[in-house]
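None of the values given here were measured: they were computed from a predicted structure. Basis for what follows: all heavy atoms, side chains included, without hydrogens, waters or symmetry-related copies.
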Amino acid sequence: MYLADRSAPSGAKTAPPDRGSGRASAVAPAVLALGTVSLITDISSEMVTAVLPLYLIAGLGLSPLGFGALDGVYNGVSALVQLTGGHLADRVRNHKLVAGIGYGLSALCKPLLLLAHSLGPISVVLALERTGKGLRTAPRDALISLSTPDELQGRAFGVHRAMDTTGALLGPLAAFLILGVAVDGYDAVFGVSACVALLGVVVLVLFVPSGAGATPPRPAAAAPAGLPAPARPNPVRLRDAAALLRLPRLRALAFCAVLLGLTTVSDAFVYLLLQRRTGIDDQWFPLLPLGTAAVFLLLAVPAGALADRIGRRTVFLTGHALLLAAYGLLLWAPDWPALPYLVLALHGMFYAATDGVLPAAVAATVPESLRATGLALVGTGQALARFACSLAFGGAWTLWGTGPALAAAAAGLLCCAVVAGWVLRPSPPAPATPAPAPPDPARRP
């Protein structure tokens with residue numbers, strides 16, 4: 001019942017190991033194709049995300065509390081849809097179809113930002129865009145998981161997150177360049193973002209393998225003579241999805257994801273806090289996500305491989321310790337010239353140690369037929385918790401100021417990390433049952 005447990009549950013299938021060589025097999029083509037789609041889509045999304053805080057607060061005059069509510073909508077609406085996307089993908093047994101609907105909906109919403117210039121319409125557009133993200137996340141992660149052996153799940157998710165983060169690195173850079181040369185900078189960013197999002201949908205349709213598992217079906221063992229062929233699997237029902245929470249390991253993972261999400265301040269607030277702490281000019285604000293993305297890109301694959309090797313629990317909790325260190329620097333560090341680089345480096349290390357490691361751990365606990373649903377359960381809980389954190393942190397900032405709000409988040413994160421470490425502790429080995437003594441041949445009954 002902990003993150004380092006890499007054993008497959010009953011009913012789950014794993015890809016056969018590569019016996020033709022002494023090293024692990026390469027990353028599956030489906031993972032690389034999905035990584036390319038995520039790379040392109042993240043360029044589009046992060047172009048908007050990089051300028052959105054400044055656009056709303058400096059351009060539209062939104063208060064920190066109002067921005068906290070909108071940021072919660074931006075990140076929390078997808079949580080309400082993740083369960084629908086995951087269950088639907090498992091039910092129709094076509095993860096690519098459901099993921100494609102999600103990518104398409106997000107792409108269609110990007111041009112609507114050109115028409116929305118007040119808080120109400122922008123909130124509706126962002127909610128629809130996040131609905132698309134919620135639909136696609138669990139089916140996409142299920143495709144990655146089902147195309148990868150259990151012992152390489154961390155590496156596969158690390159490769160995907162590294163490609164995804166490459167888009168997160170290029171998106172803010174593109175927004176920065178567009179704002180520097182365009183007359184109506186924000187509208188230009190939204191227009192280019194829409195074109196890039198459409199390209200991501202085209203790549204998904206053309207290059208991601210179809211089917212539930214993204215890999216060719218493995219040959220099944222022939223049925224013995226006289227026995228009927230195996231029946232087709234029963235359709236997935238809501239009752240089956242709810243029964244997943246009876247799995248102790250999945251329940252522990254979901255609990256810890258929610259607990260730690262309640263104290264994870266959103267990226268936008270971290271960048272706003274860093275700007276106010278260091279006095280970074282508005283012109284350079286869109287480049288702040290580049291620091292996080294660059295570190296995430298460099299460390300995502302090594303962190304995933306390390307989690308496969310030493311245990312996902314250790315890497316996952318270490319990531320939250322690094323986030324706590326970033327909070328500490330924002331609160332108490334002197335005004336060093338290197339402070340922005342240190343905070344962004346710790347922020348990126350946090351994502352590298354957690355973003356791919358958690359779904360890899362979840363995938364090892366859920367049967368193939370319910371893989372997307374299980375990933376959606378944990379992802380939904382985590383996203384809803386971060387939605388609550390955005391609302392609470394925005395309110396605390398408005399009422400108390402930045403320092404007390406961040407101090408409260410840091411204290412909460414420390415307490416939650418201790419509780420999560422206890423919940424995810426390794427289970428003690430079961431005591432060995434002594435073998436029965438052999439009968440004494442000299443003794444007669």
Side-chain angles (χ1 to χ4, degrees), residues 30 33-46 48-49 72-113 123-147 157 160-161 164 167 193-194 196-205 207-214 235-238 241 244 257 355 358-359 362-363 366 369-384 386-387:
L34 287 164
T36 303
V37 174
S38 294
L39 186 155
I40 297 171
T41 303
D42 241 40
I43 293 176
S44 170
S45 298
E46 293 302 322
V48 175
T49 303
V73 169
Y74 189 69
N75 292 292
V77 165
S78 62
L80 301 176
V81 188
Q82 272 196 57
L83 280 175
T84 302
H87 177 70
L88 184 62
D90 285 335
R91 188 175 183 85
V92 303
R93 302 189 186 281
N94 193 332
H95 298 84
K96 177 183 174 179
L97 174 63
V98 179
I101 293 172
Y103 279 109
L105 179 59
S106 293
L108 288 175
C109 289
K110 296 293 172 37
L112 298 180
L113 289 171
S123 300
V124 173
V125 172
L126 292 179
L128 289 174
E129 199 275 338
R130 291 293 95 177
T131 298
K133 179 177 174 60
L135 282 175
R136 71 180 184 249
T137 298
R140 180 204 65 200
D141 284 351
L143 284 169
I144 296 170
S145 171
L146 293 171
S147 64
F157 278 102
H160 174 267
R161 295 318 195 250
D164 181 88
S193 172
V196 176
L198 181 61
L199 177 61
V201 176
V202 172
V203 173
L204 174 77
V205 172
F207 296 104
V208 174
S210 298
V236 176
R237 299 166 298 176
L238 287 174
L244 283 175
D355 197 61
L358 180 60
V362 173
V366 182
S369 60
L370 292 168
R371 188 66 51 86
T373 304
L375 288 164
L377 280 171
V378 177
T380 295
Q382 185 181 56
L384 286 175
R386 291 183 177 181
F387 168 76

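Every residue two or more places apart in sequence or in another chain was checked for a side-chain contact (heavy atoms from CB on, under 4.5 Å) with Leu108, and none qualifies. Val92 meets the side-chain contact (heavy atoms from CB on, under 4.5 Å) test with Leu88, Asn94, Val98; sequence neighbours excluded. Every residue meeting the side chain to side chain donor-acceptor pair (under 3.5 Å) condition with Ser193, not counting sequence neighbours, appears here in chain and number order: Ser44. In this structure Asp164 satisfies the side chain to side chain donor-acceptor pair (under 3.5 Å) test with no other residue, sequence neighbours excluded. Scored by the side-chain contact (heavy atoms from CB on, under 4.5 Å) test, Thr41 finds Val37, Ser45, Tyr103, Arg136 as partners (sequence neighbours excluded). With sequence neighbours left out, Gln382 forms a side-chain contact (heavy atoms from CB on, under 4.5 Å) with Ala257, Leu358, Arg386.
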- request: Decide side chain to side chain contact (heavy atoms under 4.5 Å, CB included) for Thr131 and Leu105; before the verdict, give the C-alpha distance in whole Å, the side-chain angles of both, and the deciding distance to 0.1 Å.
  value: CA-CA 8 Å; Thr131 298; Leu105 179 59; 3.9 Å; yes

message: For Thr49 and Glu46: C-alpha separation, side-chain torsions, deciding distance, then whether side chain to side chain contact (heavy atoms under 4.5 Å, CB included) applies.
response: CA-CA 5 Å; Thr49 303; Glu46 293 302 322; 3.7 Å; yes

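Of all non-hydrogen atoms in Leu128 and Cys109, the two that sit nearest each other are CB-SG, 3.4 Å. In terms of heavy atoms, Phe207 sits closest to Ala33 at O-CB, 3.7 Å. A pairwise comparison of heavy atoms in Ala107 and Val201 identifies CB-CG2, 4.0 Å as the closest pair.
Rounded to the nearest 0.5 angstrom, Leu204 CG and Arg140 CZ are separated by 11.0 Å. Note that CG of Leu375 and OG1 of Thr380 are 10.5 Å apart. Values are rounded to the nearest 0.5 Å. Interatomic distance, CG of Leu377 versus CG of Leu244, reported as 6.0 Å (0.5 Å rounding).
Comment: Asp141 engages Arg161 in a salt bridge, judged by a side-chain N to carboxylate O separation of less than 4.0 angstrom.
Partner of Ile144 under the side-chain contact (heavy atoms from CB on, under 4.5 Å) criterion, chosen from His160, Arg371, His95: His160.
For the pair Lys96 (side chain) and Pro139 (backbone), a donor-acceptor distance under 3.5 Å is absent.
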